[in-house]
Chemist: 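One structure, as structure tokens, below. Some questions next.
Chain letters run A, B, ... following the sequence lines, proteins first, then strands; residues in each count from 1.
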Amino acid sequence: MRIERDGPYRYRIPRQGAMRVDAVFYASPDIARDLKAEGDQALHQLVNVATLPGIVEPAVALPDIHWGYGFPIGGVAAFDPRRGGVVSPGGVGFDINCGVRLLCSDLTREELEPRKEALADALFRLVPAGVGSERRELRLTAADWPRLLTRGAGWAVEQGLGDPGDLECIESGGALPGADPDRVSPRALERGGSQLGTLGSGNHFLEVQYVEHVYDPEAAEAFGLFPGQVTVLIHTGSRGLGHQVCQDFVDRMLAAARRHGIELPDRQLAAAPIESPEGQGYLGAMAAAANFAFANRQVITAYAREAFTRAGFGPGSTRLRVLYDLAHNNAEWEEHGGRRVLVHRKGATRAFGPGHPDVPARYRAVGQPVLVPGDMGRYSYVLAGTEGAMAETFGSSCHGAGRRLSRSQAKKVARQRDPVGELARRGILVRAATRATVDEEIPEAYKDVADVVEAVEGAGLGRRVARLRPLIVVKG
DNA sequence: ATGTTC
């Protein structure tokens with residue numbers, strides 16, 4: 001594979017073989033070296049994506065790129081429907097609208113400290129976590145589904161789970177347009193029916209954090225962040241419902257690709273023309289699943305507020321304002337370079353720059369908040385979207401640290417140790433459904449997210465605003 | 001990520 005250095009933190013894979021467009025990836029020299037290492041499949045997957053019909057130049061990868069189902073995680077690909085552009089479930093991922101929501105309190109770290117254990121216990125009690133976790137008291141019925149799947153977070157607010165103001169600072173207003181509940185299979189509804197308001201497993205979490213450092217005081221003020229402030233970061237997605245939607249369409253898409261004469265270098269890239277029945281069906285079901293995920297984070301927010309109250313914090317001081325809520329895994333219609341294109345982001349964050357009409361009015365002068373979780377022992381970042389991202393990456397930035405160790409490698413390392421005890425000694429309280437998940441998620445399992453963010457900022461794809469340090473971690 | 005091999 002021919003790779004050219006294309007500027008600081010920027011590399012280009014010129015069109016070669018079956019590629020229809022160039023691919024570009026962003027990385028520090030260290031990250032680039034790892035990506036080029038023999039056996040790493042991420043760049044090969046990026047090249048595969050560049051062969052798909054109707055792709056708009058370039059196929060993009062951010063510094064947290066790693067191997068995924070068909071498409072790499074940390075990738076962005078835009079398709080033009082007027083040039084045979086396709087939609088691919090693998091380009092969105094199994095956890096449709098896996099994403100993060102940041103809440104900010106008016107509390108300081110010092111005010112939290114005396115009630116930290118109580119808060120950890122209350123959060124763990126009120127926010128179900130773990131594989132197959134359920135919230136049976138919210139069991140959804142046939143009458144709930146159409147509105148829930150079209151209105152997303154707004155549906156939860158209608159149910160009294162949150163305030164109308166919560167919807168102002170959510171990507172797409174908390175409801176991706178174009179949802180078609182009839183495209184969501186009965187099996188997907190069955191799986192999701194008792195999972196609304198639950199965290200799930202794997203890398204999903206709820207963290208209580210504090211603002212450890214402010215890089216850009218002006219932007220931090222616009223976002224409502226101040227040093228020492230207590231924040232809450234929720235990372236979860238569409239649970240079994242989204243997983244089943246993806247499953248339902250992968251096989252159908254493979255047949256559709258064959259029928260439409262689309263040559264696939266990898267079956268996992270199964271795709272159909274955007275305008276085909278299969279493409280439209282997937283987009284309708286995907287948006288519905290995305291809205292389930294927006295509702296999920298909204299319901300969890302309501303229970304997080306309840307947990308603060310039960311831990312003894314006064315309601316006035318803990319409103320937990322929604323700073324922002326964004327998707328890491330979705331496909332959506334956007335205008336780039338004067339064209340309306342379908343942008344797939346898989347493990348990537350929309351990062352619209354200053355002045356963009358889709359940035360909430362209160363942040364518009366600064367740019368969209370970009371929330372970048374790290375690992376549970378170090379820190380997470382809040383960035384702001386930039387003009388550079390608009391010009392180069394279809395308005396996209398990184399979404400996290402990216403794994404360094406596989407789950408099994410991490411478990412092997414963790415087995416000899418006491419991860420929960422080690423974190424507790426550093427002031428981080430972990431409440432987890434299973435030890436196995438904590439072992440897979442030890443800090444050493446991840447790259448240092450600071451390195452990823454450095455590359456992103458160096459490439460002009462985001463601007464650091466603040467760094468958040470964990471205090472309490474709820475895990476599956 | 002995932003009723004973690006429906």
Side-chain angles (χ1 to χ4, degrees), chain A residues 42 45 64-75 88-101 128-136 138-140 184-206 234-252 254 268 270 282 285-286 289-290 292-294 296-297 300 326-331 344-349 373 375-376 399-403 405-412 414 432-441 445-446 474-476:
Chain A
Q45 291 193 314
D64 48 336
I65 179 183
H66 54 284
W67 179 88
Y69 181 89
F71 287 57
I73 296 160
S88 173
V92 172
F94 269 84
D95 191 3
I96 295 165
N97 191 2
C98 178
V100 280
R101 171 182 288 215
V131 174
S133 47
E134 295 181 303
R135 185 186 287 288
R136 295 213 181 106
L138 283 185
R139 174 89 218 180
L140 297 158
V184 180
S185 67
R187 196 174 179 189
L189 298 180
E190 174 58 32
R191 288 181 68 175
S194 56
Q195 293 185 323
L196 190 68
T198 67
L199 218 43
S201 184
N203 63 2
H204 290 168
F205 62 77
L206 182 151
I234 297 162
H235 180 201
T236 186
S238 49
R239 310 287 285 102
L241 185 142
H243 192 269
Q244 189 61 46
V245 165
C246 184
Q247 198 85 266
D248 289 341
F249 279 89
V250 160
D251 293 340
R252 260 181 264 175
L254 197 58
Q268 294 185 352
Y282 173 71
M286 183 219 58
F292 183 84
F294 280 132
N296 193 23
R297 293 192 287 272
I300 291 173
L326 54 80
H328 284 161
N329 285 6
N330 74 357
H344 294 60
R345 293 192 182 87
K346 180 184 190 177
T349 305
D375 62 79
M376 61 178 157
H399 90 304
R403 271 196 173 272
L405 304 178
S406 71
R407 292 190 177 280
S408 53
Q409 286 173 316
K411 266 190 201 161
K412 200 184 269 180
T434 65
R435 156 109 201 217
T437 302
V438 178
D439 286 356
E440 289 174 3
E441 294 286 315
Y446 286 91
V474 177
K475 292 286 294 180

Chemist: Determine the minimum heavy-atom distance between A/D64 and A/G74, stating which atoms define it.
Modeler: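 Heavy atoms only, the tightest pair is OD1-CA, 4.4 Å.
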
Chemist: Can you name the side-chain contact (heavy atoms from CB on, under 4.5 Å) partners of A/S201, sequence neighbours left out?
Modeler: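 For A/S201 the side-chain contact (heavy atoms from CB on, under 4.5 Å) partners, ignoring immediate neighbours, are A/V131, A/T437.
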
Chemist: Could you check how far CG of A/L199 sits from C1' of B/dT2, rounded to whole Å?
Modeler: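 One finds 14 Å between C1' of B/dT2 and CG of A/L199, rounded.
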
Chemist: Between B/dT4, B/dT2, B/dC6, which nucleotide gets closest to the side-chain atoms of A/V131?
Modeler: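 My answer, after comparing the listed nucleotides, is B/dT4.
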
Chemist: May I have the distance from A/R435 (atom CZ) to B/dT4 (atom P), rounded to whole angstrom?
Modeler: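 Whole-Å distance recorded here is 22 Å.
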
Chemist: Just to be sure I understand the geometry, which residues of residues 238-248 of chain A put a non-hydrogen atom under 4.0 Å away from DNA chain B?
Modeler: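 Within residues 238-248 of chain A, the residues near DNA chain B are A/R239, A/G240, A/H243.
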
Chemist: Can you check whether A/G347's main-chain N or O pairs, donor with acceptor, with A/N329's side chain at less than 3.5 Å?
Modeler: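 At least one qualifying donor-acceptor pair exists.
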
Chemist: Looking for any heavy atom pair under 4.0 Å, which part of the strands does A/E190 touch: base, sugar-phosphate only, or nothing?
Modeler: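 Contact class for A/E190: none.
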
Chemist: Could you label the plane-to-plane angle of the A/Y69 and A/F94 rings as parallel, tilted or perpendicular, counting under 30° as parallel and over 60° as perpendicular?
Modeler: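 Taking A/F94 first and then A/Y69, their aromatic rings stand perpendicular (interplane angle over 60°).
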
Chemist: Using heavy atoms to find the nearest nucleotide of DNA chain B for A/T434 and A/C98 separately, return the residue whose nucleotide is more 5′.
Modeler: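 Its nearest nucleotide lies further toward 5', so the answer is A/C98.
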
Chemist: Regarding A/R435 and A/D439, does a basic nitrogen lie under 4.0 Å from an acidic carboxylate oxygen?
Modeler: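 The answer is yes: the pair qualifies as a salt bridge.
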
Chemist: Given atom CG of A/D95 and atom C1' of B/dT4, what is their separation to the nearest angstrom?
Modeler: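 Taking CG of A/D95 and C1' of B/dT4, I get 14 Å after rounding.
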
Chemist: What residues form a side-chain contact (heavy atoms from CB on, under 4.5 Å) with A/H235, not counting sequence neighbours?
Modeler: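 Partners of A/H235 under the side-chain contact (heavy atoms from CB on, under 4.5 Å) test: A/C98, A/V100, A/N203, A/H204, A/F205, A/H328.
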
Chemist: Between B/dT2 atom P and A/H235 atom NE2, what is the distance in whole Å?
Modeler: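 My rounded result for the distance is 10 Å.
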
Chemist: Please classify the nucleic acid contact of A/G202 as base, sugar-phosphate, or nothing, using heavy-atom distances under 4.0 Å.
Modeler: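 Sugar-phosphate only.
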
